[in-house]
Amino acid sequence: MRSANVSPMAARMAKLATQHWKYLKPIWGVEIPFEQPGAIWIAENNDGKAAKTWIALEQAMQNESIDFTMISHKDVLELSQQAVRTGPDEIYYYEPEVLQLDSPQILNAMQTAVKKNHIDVFRALSGI
């Protein structure tokens with residue numbers, strides 16, 4: 001799961017969704033295990049135009065209180081444990097709040113929550 005940084009509104013919605021995933025137990029009575037590795041965003045910048053776009057995006061995200069910051073090539077190597085190759089015409093941003101969730105664990109937690117909270121689930125019929 002990552003924040004959707006296409007627009008400030010999408011980023012706000014993604015930030016709220018992330019908080020709900022992290023603190024699901026008070027709402028549904030179950031926890032979903034997650035990792036929070038963050039995300040590294042990589043953009044080509046061989047003409048300088050991309051940098052302006054990404055700097056504007058960084059400012060918009062920070063205006064929404066979303067931690068989204070330009071990082072150096074060295075930072076990329078450290079964060080990725082040298083698993084990412086960097087290039088001279090690339091710029092990098094880091095978003096530390098990004099979660100990683102396991103689909104089977106999500107399904108299991110939701111099924112447990114449905115039973116625990118006595119929720120009836122109905123399957124929608126197609127074509128209606």
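For reference, positions follow the sequence shown, starting with 1. Here the structure is a predicted model, which is why all the values come from computation and not from measurement. All values below were derived from every heavy atom in this structure, side-chain atoms included, with hydrogens, water molecules and symmetry-related copies excluded.
- Note on ring orientation: taking the six-membered ring where Trp is involved, the planes of Phe68 and Trp54 are parallel (angle under 30°, cut-offs 30° and 60°).
- By the rule that hydrophobic residues join a cluster once side-chain heavy atoms approach within less than 4.5 Å of another member, Val76 and Ile91 end up as members of separate clusters.
- The CG atom of Leu107 sits 9.0 Å away from the CE atom of Met110 when rounded to the nearest 0.5 Å.
- For the residue pair Glu95 / Tyr93, no side-chain donor-acceptor distance below 3.5 Å is found, with atom types taken as modelled.
- Tyr94 and Val98 fall into different hydrophobic clusters, where Ile, Leu, Val, Met, Phe, Trp and Tyr side chains are chained together by heavy-atom contacts under 4.5 Å.
- A heavy-atom distance below 4.5 Å is not found between the side chains of Ile106 and Asp102.
- For the atom pair CG (Leu79) and CD1 (Ile71), the distance works out to 5.0 Å, reported to the nearest 0.5 Å.
- In this structure, the side chain of Lys116 does not engage the main chain of Val30 through any donor-acceptor pair within 3.5 Å.
- Glu97 and Gln36 form a side-chain donor-acceptor contact under 3.5 Å, judged by distance and modelled atom types alone.
- Using a 4.5 Å heavy-atom cutoff, the side chains of Thr86 and Ile42 are not in contact.
- For the atom pair CD (Gln19) and CG (Leu99), the distance works out to 8.0 Å, reported to the nearest 0.5 Å.
- A donor-acceptor contact shorter than 3.5 Å is absent between the side chain of Lys15 and the backbone of Ala10.
- Asn117 places a side-chain N or O within donor-acceptor distance of the main-chain N or O of Trp28, the cut-off being under 3.5 Å.
- Under the 4.5 Å side-chain heavy-atom criterion for ILVMFWY residues, no single connected hydrophobic cluster contains both Val84 and Leu77.
- Rounding to the nearest 0.5 Å places CG of Asp89 at 7.5 Å from CG of Asn45.
- Smallest separation of non-hydrogen atoms from Ala113 and Ile119: O-CD1, 4.4 Å.
- Heavy atoms of other residues, nucleotides or ligands lying less than 6.0 angstrom from CE of Met70 number more than 12.
- Although no hydrogens or angles enter the test, the distance criterion places a donor-acceptor pair under 3.5 Å between the side chain of Asp75 and the main chain of Ser72.
- Connection of Ile27 to Trp21 is established within a shared hydrophobic cluster, with ILVMFWY side chains joined at heavy-atom distances below 4.5 Å, either directly or through further cluster members.
- Between Thr69 atom OG1 and Met61 atom CE the span is 12.0 Å, to the nearest 0.5 Å.
- Across every non-hydrogen atom of Ala109 and Glu31, the tightest pair is CB-O, 3.9 Å.
- Of the inter-residue distances, the one linking Trp41 atom CH2 with Glu90 atom CD reads 15.0 Å to the nearest 0.5 angstrom.
- Surrounding NZ of Lys22 are more than 12 heavy atoms belonging to other residues, nucleotides or ligands, all under 6.0 Å away.
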